[in-house]
Peer 1: 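Questions regarding the structure given below will be posed in turn.
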Amino acid sequence: MDLYVVLGLSHGATDAEIKRAYRRLARRFHPDINPGDRAAAMRFRQIVQAYETLIDPDRRSRYDAGTAVDADDRRTSGFEGFDFSVGSGDPGATFGDLFAEALADRGARAPAPERGADLHQTTELTFEQALGGATWTTAVTRRETCRACAGTGRTRVGPGLCLICHGSGAVRSVRGHMVFSRSCPGCGGAGQQRPRLCEPCGGTGQETRSETVQVRIPAGVSDGDRVRVPGKGNAGLRGGPWGDLYITVQVAPHPLFRREGDDLHLVLPIAIHEAALGARIDVPTPDGGAARLRVPPGTQSGQRFRLRDRGAVSARSGQRGDLIIEARLMLPSVLDERSKELLREFGRLNGESVRNQVEGGPEGPPLRS
Ligand SMILES: [Zn+2]
Ligand SMILES: [Zn+2]
């Protein structure tokens, strides 16, 4: 095995070239990137061996002079195979250990990516905010990708040789004249130290973080509506997509307006003379302005008028509802003698006619547009 060829270098390569070649190849063949790929693990081991030898001036000069044997050549004195014996070279490792390791390797690959959970919050809006839309700022505490390990759950270890096999990727045991060699249980044959569990996240690859999120609540939302903020839920596991954040809207009641669908309802108190003689009355509109309503002579209490397109904008369709005004006849609290006298006179003139006006039925007066 030519160590220069392993790294794709010529024999006169500089230290910088060796390091660059090593970094490029180690990234490509690292066992974490090629889980379960024995050929890649073997290649990685060779890359590490070549690097360790060529980057050390002493070892490199001996290698160049042809006096050194690299680890791979030494191993040819034995043969590849499993050591079934217990208590020979490596007392800790048995066939059972290897079997368990192989299972563990397979188990670690199996779980599929998982979508992050959705998160739910509630916001309370004033009636005006719900009609006009609002920006809501909220702190969202959620599971995010661990920054220490970039979600892998393992700490990155630099190019450090495995402490059990010293980088060769194999452990050997001698029985009589036989030398047994097998994949190192410490590094799985990679020759490199295995990454350890990431401490900040305990190996889950996620940590809890808080983020301030600005949520645009669209104009026209109703009480109980939900606003979805995509991707602002928990982070997914193993590269899975993010969950969503859902904001449930609660709308406070308004002292004047009541919402029904996208129509707004308003009760308008009218005086007896306005109802009888007709009047032009300024009624408040939900945008804070006013609209002039013509109340015709003879308006009854409970009679309704519709102002087109003065209601709420639908958050779904963008269509505007109507403002429906219900007239409610209010009797004056009469205190002065002059008003009482006028009412008595009014009664003498009109008492009979009121009694005869029983019509309209139980459903009340018709809706006027
Ligand atoms: Zn971590
Ligand atoms: Zn090892």
Side-chain angles (χ1 to χ4, degrees), residues 1-83 89-90 93 98 101-102 104-106 108-109 149-173 179-198 239:
M1 180 173 76
D2 186 323
L3 301 186
Y4 291 97
V5 172
V6 168
L7 292 181
L9 296 168
S10 67
H11 280 243
T14 64
D15 279 5
E17 286 170 335
I18 293 169
K19 279 182 187 160
R20 210 165 357 176
Y22 169 70
R23 267 192 228 110
R24 184 172 53 81
L25 291 168
R27 259 201 296 274
R28 196 167 134 208
F29 291 101
H30 196 282
D32 280 359
I33 294 167
N34 307 278
D37 185 339
R38 287 279 163 196
M42 175 74 85
R43 185 75 201 280
F44 182 74
R45 205 159 71 215
Q46 291 173 344
I47 290 161
V48 172
Q49 283 166 12
Y51 173 73
E52 298 278 342
T53 300
L54 295 184
I55 205 64
D56 183 312
D58 198 37
R59 287 171 67 183
R60 182 176 178 182
S61 62
R62 274 189 287 138
Y63 174 78
D64 287 345
T67 54
V69 278
D70 63 84
D72 205 44
D73 288 343
R74 270 202 311 270
R75 259 209 352 258
T76 54
S77 55
F79 63 89
E80 283 284 336
F82 288 116
D83 182 357
D90 183 0
L98 289 169
E101 188 186 295
D105 276 358
R106 197 173 307 159
R109 283 202 307 277
C149 64
T152 60
R154 302 281 185 278
T155 46
R156 296 206 181 284
V157 259
L161 293 182
C162 171
L163 297 175
I164 293 174
C165 65
H166 307 291
S168 71
V171 287
R172 299 187 301 150
S173 54
V179 178
F180 294 89
S181 175
R182 58 180 177 79
S183 182
C184 168
C187 58
Q192 291 277 293
Q193 284 184 30
R194 277 196 165 166
R196 286 180 292 273
L197 277 191
C198 171

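Heavy-atom basis, side chains included; hydrogens, waters and symmetry copies ignored. What you see is a predicted model, and the numbers here were worked out from it, not measured in a lab.
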Peer 1: Look at the rings of Y51 and Y22 and say which category their plane angle falls in: under 30° parallel, 30 to 60° tilted, over 60° perpendicular.
Peer 2: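 Geometry flag for Y22 against Y51: parallel rings.
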
Peer 1: L161 and G167: which non-hydrogen atoms are nearest, and at how many Å?
Peer 2: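 For L161 and G167, the tightest heavy-atom pair comes out as CD2-CA, 3.8 Å.
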
Peer 1: Do R45 side-chain atoms and S168 backbone N/O form a donor-acceptor pair below 3.5 Å?
Peer 2: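 Between the backbone of S168 and the side chain of R45 there is a qualifying donor-acceptor contact (under 3.5 Å).
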
Peer 1: What is the minimum heavy-atom distance between C165 and C187, and which atoms define it?
Peer 2: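 So the minimum-distance heavy-atom pair works out to SG-SG, 3.6 Å.
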
Peer 1: Any idea which heavy atoms bring R60 and H11 closest together, and the distance?
Peer 2: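 Taking R60 first and H11 second, the nearest heavy atoms are NH2-O, 3.3 Å.
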
Peer 1: What's the separation between atom CD in Q46 and atom CG in D2, rounded to the nearest 0.5 Å?
Peer 2: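 Here the rounded value is 11.5 Å.
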
Peer 1: What's the separation between atom CG in L9 and atom CZ in R20, rounded to the nearest 0.5 Å?
Peer 2: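 That separation rounds to 9.5 Å.
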
Peer 1: Out of curiosity, Q49 CD to L7 CG, how far, rounded to the nearest 0.5 Å?
Peer 2: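 Spacing of CD (Q49) from CG (L7) equals 11.0 Å.
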
Peer 1: Taking all atoms of both residues into account, what is the closest heavy-atom pair of R59 and E52, and its distance?
Peer 2: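 Heavy atoms only, the tightest pair is NH1-O, 3.7 Å.
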
Peer 1: Is S61 reaching over with its side chain to a backbone N or O of D58, donor-acceptor style, under 3.5 angstrom?
Peer 2: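 Indeed, once roles are kept as given, a pair shorter than 3.5 Å links the two residues.
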
Peer 1: So, taking the atom named CG in L3 and the one named OG1 in T53, what distance separates them when rounded to the nearest 0.5 Å?
Peer 2: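 So the gap between those two atoms works out to 5.5 Å.
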
Peer 1: Please test V171 against R182 for side-chain contact (heavy atoms from CB on, under 4.5 Å), starting from the C-alpha separation and ending with a verdict.
Peer 2: CA-CA 6 Å; V171 287; R182 58 180 177 79; 3.9 Å; yes

Peer 1: Report the C-alpha separation of Y4 and D64 in whole Å, then their side-chain angles, then the decisive distance to 0.1 Å, and conclude whether the side-chain contact (heavy atoms from CB on, under 4.5 Å) test is met.
Peer 2: CA-CA 10 Å; Y4 291 97; D64 287 345; 2.8 Å; yes

Peer 1: Donor-acceptor check, side chain of R172 to backbone of V179, threshold 3.5 angstrom: yes or no?
Peer 2: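 Answer holds: no.
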
Peer 1: If you measure from CD1 on I47 to NE2 on H30, what distance do you get to the nearest 0.5 Å?
Peer 2: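 Nearest 0.5 Å value for the CD1-NE2 distance: 11.0 Å.
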
Peer 1: Working to the nearest 0.5 angstrom, can you tell me the gap between Q192 CD and C184 SG?
Peer 2: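 Those atoms lie 11.5 Å apart.
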
